[in-house]
Amino acid sequence: MNLQFEIERIPKKNVGLIQKLLMEWAKDNKIPFPWQNNRNPYYALVAGVCAQQTQMSRILEIFNRWIDSFPTIEKGANASRAEILQVWGNAGYPRRAANLHKTLKICVNKYDSIIPHDEDLLIQLPGVGPFTASIIQIFGYGIDKTAIDTNITRIYGRVICGDPQPVHESDPKLIQIVAAQLLPSGKAHIWNPTLMDFGATVCTAKPKCDSCILKKICVARPKLHSGIELLPTKKTSTFMNSNRYWRGKILKILREKNNNSENFSRKNLVVSLTKDLDLQEKLQKLIDDLAKEELIWLQENMVGLGDSPGSNRNSN
DNA sequence: AAATCGGGGTG
DNA sequence: CACCCAGATTT
């Protein structure tokens, strides 16, 4: 595909029109969040990590819980892994919390307790990829750019590129370039969340084109209107009895034990989860995996939340 | 490129 | 039960 050709094909007057229509939509529909207006890189980092693969309706509670417990970079860095995981709770993908913990330690030890603003440095931090790096730059440092997420890919892929299912059909590099052209100068901290909210409520996976303010402009509208079949965005495997299901069960129990300062043996952990011998064997492997990821510790015949016994001590 | 990593919610 | 989600990392 000739990217240059595709870019120049964007009707210039549509750029201004799309910006105008969405900014008007934002007045009534954009949802405000506490990390969007105060240029706090730490808040932006935490929010970005919380947002990974998680609906916005859940994020404020997780974000507030984290900030209440660890109001500064240093507080987070100096917390124990067990405390980190306890606060993360049932937010999902606990690996995110562990990586965020590591990232805070790196910022304290290597960057003088400052979160970098440079993208090359940001994406080297554990758990920080292109999206989260952009979130930090946009909300933390007021840098004018686009954080490409699933919503923005979908909106631009449809409205500009004409692909009904951009996640499968649109070239990510083209989305990047389109996004840069559509960005209203100086408004990244408003524009990005507006697009995301629009993608979460109107230009959804199964779009609500009837109520879409861009339907006259959207290049993919005719195809979508024809009622073509929309494929799943990604393969979904059955959650029940999956590794992820059992990992979640294990961590949930260990959070409760840690919260009550109870000791717990590895054997009792496994037996409390199942009497099935084959499944017990599978759980043993998952426990080893969790320990390797430093989400739980193993010592003698005991097991616990975090990277080392003694949940109230720092683990630096 | 494909698999893996939670958990809550919707239909 | 299938699918979705303000992704990142490993295989």
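Just so it is clear, the structure is predicted and the values come from calculations on it, not from any experiment. A note on names: the letters A, B, ... follow the listed sequences, proteins ahead of strands, and every chain is numbered from 1.
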Is any side-chain heavy atom of A/R255 closer than 4.5 Å to one of A/L85? no
According to the side-chain hydrogen bond (donor to acceptor under 3.5 Å, both in side chains) rule, which pairs have a member within residues 184-202 of chain A, sequence neighbours left out? A/Y156-A/W191
Distance alone, cut at 3.5 Å: any donor-acceptor contact between the side chains of A/S69 and A/E83? no
DNA chain B contacts among residues 84-96 of chain A, heavy-atom distance under 4.0 Å: A/N90, A/A91, A/G92, A/Y93, A/P94, A/R95, A/R96
Look at all strands and tell whether A/E293 reaches a base, only sugar-phosphate, or nothing, counting heavy atoms closer than 4.0 Å. nothing
Length of the CG-P vector between A/N241 and B/dG7, whole Å: 14 Å
Answer with base, sugar-phosphate or nothing: what part of the nucleic acid does A/F33 contact at a heavy-atom distance below 4.0 Å? base
In this structure, how many angstroms lie between the P atom of B/dT4 and the CG atom of A/L290, rounded? 16 Å
Partner set under side-chain hydrogen bond (donor to acceptor under 3.5 Å, both in side chains) for A/E262, not counting sequence neighbours: A/K257, A/N260
Qualifying residues under ring-ring contact (aromatic ring centres under 6.0 Å, His included), relative to A/H117, sequence neighbours excluded: A/Y141
Members of residues 50-57 of chain A that approach DNA chain B, where some heavy atom sits under 4.0 Å away: A/Q53, A/T54, A/Q55
Over how many whole Å does the gap from A/L295 atom CG to B/dT4 atom P extend? 18 Å
Euclidean distance for P, B/dG11 against C/dA6 (whole angstrom): 15 Å
Answer yes or no: is there a side-chain heavy-atom contact under 4.5 Å between A/T233 and A/T150? no
What protein N or O atoms touch nucleotides 1-3 of chain B N or O atoms at under 3.5 angstrom, if any, and at what distances?
| from | atom 1 | to | atom 2 | distance (Å) |
| --- | --- | --- | --- | --- |
| B/dA3 | OP2 | A/K235 | NZ | 3.4 |

With sugar-phosphate meaning primed atoms plus P, OP1 and OP2, does A/T204 contact a base, only sugar-phosphate, or nothing at under 4.0 Å between heavy atoms? nothing
State, yes or no, whether a side-chain contact exists between A/L230 and A/L224 at a heavy-atom distance under 4.5 Å. yes
Could you state the atom-to-atom distance from CG of A/L230 to P of B/dG11 in whole Å? 16 Å
Rounded to whole angstrom units, what separation is found between the CG atom of A/L60 and the C1' atom of B/dG9? 17 Å
Any side-chain heavy atom of A/F70 within less than 4.5 Å of one from A/V46? no
Rounded to whole Å, please give me the gap between CD1 in A/I59 and C1' in B/dG6. 14 Å
Are more than 12 heavy atoms from other residues, nucleotides or ligands located less than 6.0 Å from atom NE2 of A/H168? yes
Compare every heavy atom of A/A79 with every heavy atom of A/H101, then report the nearest pair and how far apart it is. NE2-O, 3.0 Å
Check DNA chain B against residues 119-157 of chain A and give the residues with a non-hydrogen atom under 4.0 Å, in numerical order. none
Per the salt bridge (Lys or Arg N to Asp or Glu O under 4.0 Å) rule, what does the pair list look like for residues 128-150 of chain A, sequence neighbours excluded? A/E119-A/K145
By side-chain contact (heavy atoms from CB on, under 4.5 Å), which residues pair with A/W297, not counting sequence neighbours? A/Q299, A/M302, A/P309
Between C/dC3 and B/dG6, how far apart are the two C1' atoms, rounded to whole Å? 15 Å
A/N151 and A/R154 side chains, donor-acceptor separation under 3.5 Å: yes
Pair A/D68 + A/K75, salt bridge at N-O below 4.0 Å: no
Earliest and latest nucleotide of DNA chain C, 5' to 3', sitting under 4.0 Å from a non-hydrogen atom of chain A? C/dC1 to C/dT9
Looking at A/R244, does any N or O in its side chain come under 4.0 Å of the phosphate oxygens OP1/OP2 on B/dG7? no
Is it the case that more than 12 heavy atoms not belonging to A/E61 sit under 6.0 Å from its CD atom? no
Starting at CZ of A/R255 and ending at C1' of B/dG7, how long is that distance when rounded to a whole Å? 10 Å
Excluding sequence neighbours, so at least two apart, what forms salt bridge (Lys or Arg N to Asp or Glu O under 4.0 Å) with A/K285? A/D289
Nearest nucleotide by nearest heavy atom, which residue falls closer to the 5' end of DNA chain C, A/K234 or A/L231? A/L231
Per the salt bridge (Lys or Arg N to Asp or Glu O under 4.0 Å) rule, what does the pair list look like for residues 242-253 of chain A, sequence neighbours excluded? A/R247-A/E293, A/K252-A/E256
Starting from C1' on B/dG8, measure out to NZ on A/K252 and report it in whole angstrom. 13 Å
